[in-house]
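First comes the structure, then the notes that go with it.
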Amino acid sequence: MSFTHLHVHTEYSLLDGMCRIPELVNRAKELGMDSIAITDHGTLYGAIQFYQAAKDIGIKPIIGCEAYMAIDSRHGRSSADRENYHVVLLAKNKAGYKNLIKLVTLANLEGFYYKPRLDKEILEKHSEGLICLTACIAGEIPRLILNGRLSEARESALWYKQVFGNDFYFEVQRHPLPELEQINEELIPLARELDIPVVATNDVHYIHPEDSGPHELLLCIGTNSTIDDEKRKRMGGDCFYLKSSEEMAELFQDIPEAIENTGVIADKCKLKLEFGRLQLPEIYIPDGNKPLKYLEELCRKGLERFYPNASQD
């Protein structure tokens, strides 16, 4: 059964992800995979390098982002606004890629407060061409379930379904964490009740199981703590690596459709990026006008608007 990793953090998830892109795509190829996604935290820094590296070895690259969502508004700056949710967004096509760029830009320019944050207002406005997954434990719906707010989780799921339609999926993870088990007990029945498809992911932060030790050190650097600190941030085991299709199928043998849906999503993603030419916009020039003459006309109109009493000089 084919499987596609749709939740993957490269080194561009700064001080959190540890996958170097060339090694990542080469390992996916070794495992017999024909597609893989990049979903770094709040950024698209690695998108082009990832796209080209995957294409070079014959693997389909899926460009995405695990974005931060403001609890309320992206404009909020109170102490409560330090909290945020996660959401995974994947570009299906050029329109989705442009919207992803727009969202990440707005998250940084308008929503930045400790993290670059979206909110539901701009997510709905720029949802075309995007596939939405509910993310990890830090996702909105998983977090609401974990906090016992089941009716709110249901309302939230219906909102995402209304915005993204058939491109909204409940993300199911099977890491050995008590919180995940509690979430999945409610998430899977809720998916069936609301007719929302489930998709299997492994929250990939490093490539091999033996990389978990160095990754712990990376987290210590990112959280300004030491390896001996009992209260430091931990991932909870060495399972956050690039698992094989067989390992993932074994984990999800009770819900095989979650594995199948990774292929469904991969098939939906048909983004093609062009390189080797200038990516400049096409400028409209009225019939009969030459470019420099039209530019002069526009400049003269602008001069009158900004400097109504301009001298001849």
Side-chain angles (χ1 to χ4, degrees), residues 1-13 17 19-40 43-67 87-101 129-136 164 166-174 197-208 240-252 255-275:
M1 186 181 293
S2 65
F3 171 78
T4 296
H5 278 286
L6 300 172
H7 192 137
V8 183
H9 296 282
T10 74
E11 60 193 306
Y12 291 98
S13 287
C19 300
R20 294 193 184 278
I21 287 171
E23 288 88 342
L24 174 70
V25 296
N26 282 325
R27 180 58 179 158
K29 183 82 170 179
E30 283 175 19
L31 293 171
M33 296 175 177
D34 54 16
S35 54
I36 186 172
I38 182 174
T39 57
D40 283 316
T43 72
L44 293 169
Y45 300 141
I48 300 303
Q49 182 190 351
F50 172 82
Y51 182 94
Q52 292 177 317
K55 282 285 190 182
D56 284 347
I57 62 170
I59 287 182
K60 178 197 278 190
I62 299 170
I63 304 298
C65 176
E66 185 171 19
V87 64
V88 171
L89 302 171
L90 306 171
K92 289 199 298 182
N93 46 36
K94 188 67 75 68
Y97 180 60
K98 288 181 177 178
N99 274 326
L100 199 55
I101 291 171
L130 291 174
I131 294 170
C132 179
L133 317 182
T134 52
C136 55
F164 291 96
N166 294 330
D167 290 325
F168 174 55
Y169 293 78
F170 275 0
E171 190 171 338
V172 183
Q173 298 182 346
R174 287 264 168 89
V198 294
V199 63
T201 69
N202 202 67
D203 196 352
V204 178
H205 284 253
Y206 41 87
I207 298 173
H208 303 284
F240 296 86
Y241 65 95
L242 197 75
K243 290 181 175 169
S244 68
S245 297
E246 292 75 20
E247 287 175 291
M248 292 301 292
E250 176 70 22
L251 273 175
F252 289 87
I255 42 172
E257 67 271 23
I259 298 290
E260 291 165 10
N261 282 334
T262 67
V264 171
I265 290 172
D267 288 342
K268 286 182 180 182
C269 295
K270 294 179 168 64
L271 174 65
K272 290 186 179 178
L273 299 179
E274 292 180 78
F275 301 100

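We count residues from 1, following the sequence as given.
Minimum heavy-atom separation, Asp267 to Lys60: CA-NZ, 3.9 Å. When all heavy atoms of Pro22 and Gln49 are compared, the closest pair comes out as CD-NE2, 4.0 Å. Closest heavy-atom contact between Glu66 and Cys136: OE2-SG, 3.5 Å. When every heavy atom of Leu273 is checked against every heavy atom of Lys94, the shortest pair comes out as CD2-CE, 4.3 Å. Nearest approach of Ile38 to Ala47, heavy atoms of both residues: CD1-N, 4.3 Å. Annotation for Ile21 and Ala53: closest pair CG2-CB, 3.8 Å, computed over non-hydrogen atoms.
Looking at Glu30 and Arg27, a side-chain N of the basic residue comes within less than 4.0 Å of a carboxylate O on the acidic one, giving a salt bridge.
Side-chain contact between Lys272 and Tyr51: present, with at least one pair of heavy atoms (C-beta onward) separated by less than 4.5 Å. Looking only at side-chain heavy atoms (C-beta outward), Asp34 and Ser2 stay at 4.5 Å or farther from each other. Side chains of Val204 and Cys19 form a contact here, defined as non-hydrogen atoms less than 4.5 Å apart. Looking at Tyr169 and Thr134, their side chains never come closer than 4.5 Å, going by heavy atoms from C-beta outward. Within the 4.5 Å cutoff, the side chain of Ile265 has heavy atoms near those of the Leu6 side chain. Counting heavy atoms from C-beta on, the side chains of Glu260 and Phe252 never come closer than 4.5 Å. Leu100 is listed as a side-chain neighbour of Leu44, based on a closest heavy-atom distance under 4.5 Å. Between Lys268 and Asn93 the shortest side-chain heavy-atom distance does not fall below 4.5 Å.
Interatomic distance, CG of Leu90 versus SG of Cys65, reported as 10.0 Å (0.5 Å rounding). One finds the OG1 atom of Thr4 at 10.5 Å from the CE atom of Met248 (value rounded to the nearest 0.5 Å). Put simply, CZ on Phe170 and OG1 on Thr201 are 13.5 Å apart, with the number rounded to the nearest 0.5 Å. In this structure, CD1 on Ile59 lies 5.5 Å from NZ on Lys29, to the nearest 0.5 angstrom. Rounding to the nearest 0.5 angstrom, the gap separating the CG atom in Leu24 from the CZ atom in Arg20 is 12.0 Å.
Put simply, the side chain of Glu247 gets close to the backbone of Ser244: a donor and an acceptor are under 3.5 Å apart. A donor-acceptor contact shorter than 3.5 Å links the side chain of Thr39 to the backbone of Val8. With hydrogens and angles ignored, the 3.5 Å screen pairs a side-chain donor or acceptor of Asn202 with a backbone N or O of Tyr241. At least one donor-acceptor pair closer than 3.5 Å links the side chain of Asp40 to the backbone N or O of Thr10. No donor-acceptor distance shorter than 3.5 angstrom exists from the side chain of Lys92 to the backbone of Ile131, with no hydrogens or angles considered.
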Full working for side chain to side chain contact (heavy atoms under 4.5 Å, CB included) between Ile36 and Phe50:
CA-CA 10 Å; Ile36 186 172; Phe50 172 82; 3.7 Å; yes
Walk me through whether Tyr97 and Ile63 qualify under side chain to side chain contact (heavy atoms under 4.5 Å, CB included).
CA-CA 8 Å; Tyr97 180 60; Ile63 304 298; 4.0 Å; yes
So Cys132 and Val87, side chain to side chain contact (heavy atoms under 4.5 Å, CB included) or not? Walk me through it.
CA-CA 7 Å; Cys132 179; Val87 64; 3.4 Å; yes
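The ring of His208 has its center no closer than 6.0 angstrom to the ring center of Tyr206.
Between Phe240 and His205, the two ring planes are perpendicular [angle over 60°; tilted spans 30° to 60°].
Around the NZ atom of Lys270, the shell of radius 6.0 Å holds more than 12 heavy atoms that belong to other residues, nucleotides or ligands.
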